[in-house]
Amino acid sequence: MASGGGGVEEVSNKQVILKDYVSGFPKESDMYLNASGRIKLKVPEGSNAVLVKNLYLSCDPYMRPRMKQPIPGNETYIEPFKPGSPIVGNGVAKVLDSGHPDFKKGDLIWGKTGWEEYSLITAVQTLFKIHHTDVPLSYYTGILGMPGMTAYAGFYEICSPKKGERVFISAASGAVGQLVGQFAKLLGCYVVGSAGSKEKVDLLKNKFGFNEAFNYKEEPDLHAALKRYFPEGIDIYFENVGGKMLDAVLLNMRAHGRIAVCGMISQYNLEHPEGVHNLMTVVWKRVRIEGFLVSEYHHLFPKFLEFVLPYIKEGKITYVEDVAEGLESAPAALIGLFTGRNVGKQVVVVARE
């Protein structure tokens with residue numbers, strides 16, 4: 001640690017940098033660790049930015065589309081990463097210096113930060129102050145952060161669930177799916193999830209309390225598999241996967257069923273997305289399909305915390321994390337999402353204090 005100009009401390013700042021835009025399946029070598037970065041531990045004079053020390057970083061599937069080269073005239077909902085710059089994602093951090101009245105030194109926050117040891121955050125509107133520290137801080141990358149809000153908004157606001165309804169969740173052991181399933185069970189629904197390994201299927205049934213779960217890789221016919229678990233059809237589908245799974249679900253929806261479209265991880269690495277062939281069922285079964293962005297539901301965050309914290313403390317909701325140690329493990333952790341390597345919410349620990 002060395003002193004910079006004007007007596008302000010300047011420290012080394014390791015960063016994970018995106019090398020170039022990615023097409024096809026991402027590789028670890030699409031990112032690299034820059035060990036020679038430096039940063040001053042002071043917010044520039046007159047700026048209302050916040051300087052933080054990053055503690056936990058979140059690996060999320062939506063980060064993959066941000067690695068693609070933008071196509072002119074083809075709008076996306078989220079800006080792409082900049083090659084040569086650090087990757088950006090959700091994280092938990094501690095405030096070291098602040099030019100913003102809402103944040104002071106020592107505060108803990110979660111929100112958008114850089115994949116680096118220290119970040120100067122100018123988009124302060126994306127940050128939430130952490131008030132409840134009697135739960136693991138890493139939970140604010142998952143159950144108490146963006147994935148938790150996604151599960152809450154998608155299930156309760158988009159799906160309008162009722163007791164006794166039949167609910168199907170794909171990628172059900174992931175950061176969002178494991179929560180949707182538990183919310184549905186608390187409401188008295190019949191819940192089935194799909195996942196990609198025996199270990200994950202066991203987790204869904206034994207830890208998260210799903211009624212049934214299956215390994216989609218072992219099902220030669222997804223339509224037949226869904227018919228087996230939902231002989232009377234599906235009321236609610238929480239969509240994380242897209243592609244062939246969505247096509248099979250459409251054939252198994254009940255009249256007036258609802259589909260909340262959270263993501264489509266099966267499509268992110270394809271140059272040409274797969275088509276969906278059974279859309280006519282949407283007409284004759286009067287199915288509502290609605291996509292959503294969690295950012296439009298951020299105003300519900302206080303209400304969400306009030307709802308979920310008691311369940312966590314009473315042990316009625318459980319959460320599984322897959323923890324990778326150290327910033328250097330972040331590229332492999334992110335890429336592992338697309339091969340299903342992670343079990344539960346993928347978190348990277350940058351520092352614990």
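Bear in mind the structure is a predicted one, so any value in this text is a computation, not a measurement.
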Are a donor atom and an acceptor atom from the side chains of S58 and Y140 found within less than 3.5 Å of each other?
no
Between the main-chain N or O of [Y] and the side-chain N or O of [X], is there a donor-acceptor pair closer than 3.5 Å?
X	Y	value
S98	H100	yes
N34	Q15	no
N240	G263	no
E239	V241	yes
Y268	M264	yes
D60	Y62	no
R288	I158	yes
R254	N252	no
T281	L251	no
K200	A172	no

Assert yes or no for the condition that the ring centre distance of [X] to [Y] is strictly below 6.0 Å.
X	Y	result
F183	Y156	yes
Y152	F307	yes
W110	F301	yes
F230	Y190	yes

Answer yes when [X] and [Y] have at least one side-chain N-carboxylate O distance shorter than 4.0 Å, and no when they do not.
X	Y	result
K345	E321	no
K53	E116	no
E45	K42	no
E219	R228	yes

Are [X] and [Y] close enough that some pair of their side-chain heavy atoms sits under 4.5 Å apart?
X	Y	answer
Y237	S170	yes
Y56	V348	no
D20	D30	no
K14	L33	yes
P331	Y32	no
W115	L334	yes
V349	L55	no
L51	V95	no

CA sep, side-chain torsions, deciding dist, call: K19, E28, salt bridge (Lys or Arg N to Asp or Glu O under 4.0 Å):
CA-CA 10 Å; K19 205 177 273 182; E28 272 183 68; over 6 Å; no
Are more than 12 heavy atoms, taken from residues, nucleotides or ligands other than [X], located less than 6.0 Å from that residue's [atom1] atom?
X	atom1	result
K244	NZ	no
K185	NZ	yes
K94	NZ	no
Q125	CD	yes
K105	NZ	no
K68	NZ	yes

Can you tell me how far [atom2] of [Y] sits from [atom1] of [X], rounded to the nearest 0.5 angstrom?
X	Y	atom1	atom2	value
F128	N90	CZ	CG	9.0 Å
F168	R166	CZ	CZ	15.5 Å
I289	R258	CD1	CZ	13.0 Å
N54	T113	CG	OG1	3.5 Å
L222	S194	CG	OG	8.0 Å
I236	M253	CD1	CE	8.0 Å

Enumerate the residue pairs fulfilling salt bridge (charged side-chain N to carboxylate O under 4.0 Å, His left out) with a member in residues 291-313, sequence neighbours excluded, ordered by first and then second residue.
D134-K313
